[in-house]
Participant: 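Dropping a structure here in structure tokens format, bear with me for questions.
Along the sequence shown, the residues carry numbers beginning at 1. Start at 1 and go down the list; that is how both ligands and their atoms are numbered.
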Amino acid sequence: MLTVSIGLVFFAASLLFVEFLKLQWKRRQLPPGPTPYPLFGNLLQMKFRIHHDILKKSSCNMSKLHGNIFTLWLANTPVVVLQGYQAVKEGMTAHAEEVAGRPQNLVNIFSKFYETLLFGFCVMFSNGHLWKQQRRFGLVTMRRMGVGKKDQDCQIQEEACRLVEYLRETNGKPLDPTMPIVHAVSNVICALILGHRFSIEDKNFRRLIEAFAEYHISKISLSQVHDQIPWFADRFLTPCKKTFSSVNFMRTLLAEEIENADATYDKENLIQAIFDLFLAGTETTATTLRWALLYMVVYPDVQEKVQKELDAVLGRSNLACYTDRKRLPYTNAVIHEIQRYSNIILIALPRQTVKDTELLGYPIPKNTIVLVNIDSVLSDPEKWETPDQFNPGHFLDKDGNFVHREAFLPFSIGSRVCMGELLARLELFIVFSTLLRAFRFTLPDGVKEVNTKFVFGSTMKPPPYQLCAIPR
Ligand code: HEM
């Protein structure tokens, strides 16, 4: 009996050893990185989590050890990580088309669950012709609907003014600004792509927003259960059922909207394009605006300076337009610093090489996953004077003029750069300026300290907080 056990242990150890050698052979041409082990790759070193703290610490250490491009193994899948401005810029632009894919087999990095939810052709995760078609369609739709034109300013101004009205009704009492901000941002997208806004009381609108929130909080653990036993999850797991029912509701509502608009486009394609813009465009912008208000209560001197500049340049009555940013260098710098410092997307959506290519001198085979560490760019010590401090001075010269910084890449870079960058910039500028002209934001009485440590998720959100909007 003992001999059989020893034999089995020896056999298993030999298998593991062969696997170990195979792994070392496979990694010989890839960028360097920590030694991967059979079955787990580097997951043991990463404590089985792609968590920010771990990634920040380990990627800093790894870039010190291995340079600004290194390979991590998630089980037996190699993932090449680009770290810091120089590596990200070069890696994403030198052969932009060759790193423009998304991992086809999302099971490896996300899950079958998400693939099912996204119906396989969401612009964010599609590839090749389908991606090009969806991306072009989305961009043309946004342009046709006026993004970047004067009309778009008016739509955003209208939402900003309604947000002001809503906050005014609170009479300076403490409130969590999350829902009013989400309503405002969602209505900008509705007005843009559906041609009308919704009243906050509208049942469908409320359900639509809840459905998107439901979608965003669907957990990785949930997806893993769904992947293993889909029939069970679909029938008996309430969060799973809720997520799918939310997605179905969203798509049905969008289908009805298109029906009413008598559209002549390919219906499925159009639903997906609208869905994408909603999915990618609401949470990101709303989360940034929530950080913006939080930083204003944490840094009241910055808030006061913005308000002084807004009063001096725009007076008390004019509405803020996007072109005004040129006359408002301090306000513009503060908005940029809010985006840099809040850094809501630590790592861009995963990329995949679509053919054999080269990244920073290393040959990278087709179908290799590439991660762009945006966090490491927005806090690159070689590019920012005080990377770990909230400092609007990062975007100002010594005379107080606004300066563009090449390492400001919150929307990523390359062929798959954020499609909604312009819309997001418009929204952030107009909503932020309108709110700061109307209110002084303060902490509720008795609250002396605020937690600014982000909550890890699909975007890095501020922890729930309350503030008072005191009319100016
Ligand atoms: C503050 C707000 C926003 C931030 C920080 C942000 C950031 C990003 C980032 C980092 C990516 C990944 C790019 C890559 O893979 O390299 C992305 C992709 C994308 N974003 Fe945004 N985004 C914002 C707002 C928006 C808005 C308002 C929209 C649309 C209305 C939008 C639509 C998209 C789409 C469709 C993609 C996928 C592009 C593709 O795969 O080709 N985003 N965004």
Side-chain angles (χ1 to χ4, degrees), residues 82 88-89 91-93 96-97 99-103 106 109 118 121-143 145-148 152 155-156 159 181-182 184-194 212 272-292 335-336 338-354 369-378 408-432 458-461:
L82 296 173
V88 166
K89 165 132 192 269
M92 287 295 109
T93 56
E97 287 299 314
V99 285
R102 297 278 188 220
L106 289 177
I109 195 141
L118 294 167
F121 41 65
C122 162
V123 67
M124 282 176 281
F125 293 105
S126 56
N127 276 318
H129 179 64
L130 184 64
W131 164 62
K132 283 202 174 132
Q133 202 187 30
Q134 288 291 90
R135 189 169 168 107
R136 201 175 314 122
F137 188 72
L139 285 170
V140 170
T141 310
M142 284 204 276
R143 217 171 302 129
M145 297 305 184
V147 174
Q152 188 61 42
Q155 270 171 8
I156 301 174
E159 286 314 320
I181 289 178
V182 171
V185 171
S186 305
N187 253 330
V188 170
I189 303 259
C190 287
L192 173 75
I193 45 193
L194 304 179
F212 269 102
Q272 191 59 45
I274 298 175
F275 186 90
D276 289 347
L277 298 184
F278 239 105
L279 192 66
T282 47
E283 221 213 27
T284 43
T285 316
T287 301
T288 310
L289 283 168
R290 285 172 61 205
W291 278 114
I335 295 171
H336 279 70
I338 288 165
Q339 273 205 277
R340 186 196 73 82
Y341 195 62
S342 64
N343 190 4
I344 62 162
I345 299 183
L346 301 174
I347 297 181
L349 298 170
R351 303 284 191 94
Q352 189 171 43
T353 49
V354 292
I369 294 172
V370 180
L371 289 186
V372 173
N373 189 345
I374 297 215
D375 179 40
S376 69
V377 181
L378 294 181
F408 180 71
L409 297 179
F411 300 99
S412 190
I413 188 171
S415 312
R416 293 201 83 136
V417 61
C418 173
M419 249 172 72
E421 174 170 350
L422 179 57
L423 179 62
R425 284 174 178 267
L426 280 156
E427 287 186 79
L428 293 179
F429 183 80
I430 295 175
V431 175
F432 180 76
S458 54
T459 56
M460 307 308 127
K461 295 182 197 57

Participant: Only counting residues at least two apart or in another chain, list the ones meeting side-chain contact (heavy atoms from CB on, under 4.5 Å) with Ser415.
Facilitator: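 So Ser415 forms a side-chain contact (heavy atoms from CB on, under 4.5 Å) with Ala96, Glu97, Ala100, Trp131.
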Participant: For ligand 1, does Ile189 get within less than 4.0 Å through its side chain, its backbone, both, or neither, judged by non-hydrogen atoms?
Facilitator: side chain
Participant: To which protein heavy atom is atom 39 (C) of ligand 1 closest, and what is the distance rounded to 0.1 Å?
Facilitator: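 For atom 39 (C) of ligand 1, the nearest protein heavy atom is Arg135 NH1, 3.4 Å.
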Participant: Near Ala348, which atoms of ligand 1 are under 4.0 Å from a heavy atom of that residue?
Facilitator: 14 (C), 16 (O)
Participant: What are the two closest heavy atoms between Thr284 and Ile344, and how far apart are they?
Facilitator: O-CD1, 3.3 Å
Participant: List ligand 1 atoms under 4.0 Å from Val123, heavy atoms only on the residue side.
Facilitator: 35 (C), 40 (O)
Participant: Does Arg102 come within less than 4.0 Å of ligand 1, judged by its heavy atoms?
Facilitator: yes
Participant: Can you see which heavy atom on Ile369 is nearest to which on Pro350, and at what distance?
Facilitator: CG2-CB, 4.2 Å
Participant: Do the side chain of Arg351 and the main chain of Val370 share a donor and acceptor less than 3.5 angstrom apart?
Facilitator: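 Not confirmed, Arg351 side chain does not pair with Val370 backbone.
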Participant: Is it the side chain, the backbone, both or neither of Phe125 that has a heavy atom closer than 4.0 Å to ligand 1?
Facilitator: neither
Participant: Touching ligand 1 at all, Leu423? Heavy atoms, strictly under 4.0 Å?
Facilitator: yes
Participant: How long is the span from the OG1 atom in Thr282 to the CG atom in Asn187, to the nearest 0.5 Å?
Facilitator: 11.5 Å
Participant: Distance under 4.0 Å to a non-hydrogen atom of Gln339: what atoms of ligand 1 satisfy this?
Facilitator: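 Atoms satisfying the 4.0 Å criterion: 1 (C).
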Participant: So which of Thr285, Thr288, Leu422, Leu289 actually passes side chain to side chain contact (heavy atoms under 4.5 Å, CB included) with Glu427?
Facilitator: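 Single pass found, and it is Thr285.
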Participant: Under 4.0 Å, heavy atoms only, figure out whether ligand 1 is touched by the backbone of Thr288, its side chain, both or neither.
Facilitator: side chain
Participant: Where is the nearest protein heavy atom to atom 13 (C) of ligand 1: which residue, which atom, and how far?
Facilitator: Arg416 O, 3.1 Å
Participant: Protein N/O/S atoms under 2.8 Å of atom 21 (Fe) of ligand 1?
Facilitator: Cys418 SG
Participant: Starting from atom 16 (O) of ligand 1, which protein heavy atom do you reach first, and at what distance in Å?
Facilitator: Ser412 OG, 2.6 Å
Participant: For the residue pair Ala280 and Met124, what are the closest heavy atoms and their distance?
Facilitator: CB-SD, 4.0 Å
Participant: Taking only heavy atoms of Pro410, which atoms of ligand 1 are found under 4.0 Å from at least one of them?
Facilitator: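 Within the 4.0 Å cut-off of Pro410, ligand 1 contributes 5 (C), 7 (C), 10 (C).
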Participant: What's the shortest heavy-atom distance between Leu277 and Ile189, and which atoms?
Facilitator: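 Closest approach of Leu277 to Ile189: O-CD1, 3.8 Å.
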Participant: For the residue pair Leu409 and Leu378, what are the closest heavy atoms and their distance?
Facilitator: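 Answer, listing the atom of Leu409 first, then Leu378: N-CD2, 3.5 Å.
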Participant: Any nitrogen or oxygen of Glu427, main chain or side chain, under 3.5 Å from a nitrogen or oxygen of ligand 1?
Facilitator: no
Participant: Give a yes/no on ligand 1: does Phe278 have at least one heavy atom closer than 4.0 angstrom to it?
Facilitator: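 So Phe278 does not count as touching ligand 1.
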Participant: Output yes when the distance from some N or O of ligand 1 to some N or O of Arg351 is under 3.5 Å, and no in every other case.
Facilitator: yes
Participant: Can a donor-acceptor pair be found, under 3.5 Å and without considering hydrogens, that links the side chain of Arg290 to the backbone of Lys461?
Facilitator: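 Checked: no pair found.
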Participant: Scan residues 409-422 for pairs that pass salt bridge (Lys or Arg N to Asp or Glu O under 4.0 Å), counting only residues two or more places apart or in two chains.
Facilitator: Glu421-Arg425
Participant: What residues form a ring-ring contact (aromatic ring centres under 6.0 Å, His included) with Phe408, not counting sequence neighbours?
Facilitator: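 Result, ring-ring contact (aromatic ring centres under 6.0 Å, His included) vs Phe408: His336, Phe395.
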Participant: Quick check against the 3.5 Å criterion: does Trp291 have a side-chain atom that pairs as donor or acceptor with the backbone of Met460?
Facilitator: yes
Participant: At what distance is the nearest protein heavy atom to atom 36 (C) of ligand 1, and which residue and atom is it?
Facilitator: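 Ranking protein heavy atoms by distance from atom 36 (C) of ligand 1, first comes Met124 CG, 3.9 Å.
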Participant: Write down the atom of Gln352, the atom of Pro103, and the distance for their closest heavy-atom approach.
Facilitator: OE1-CA, 3.2 Å
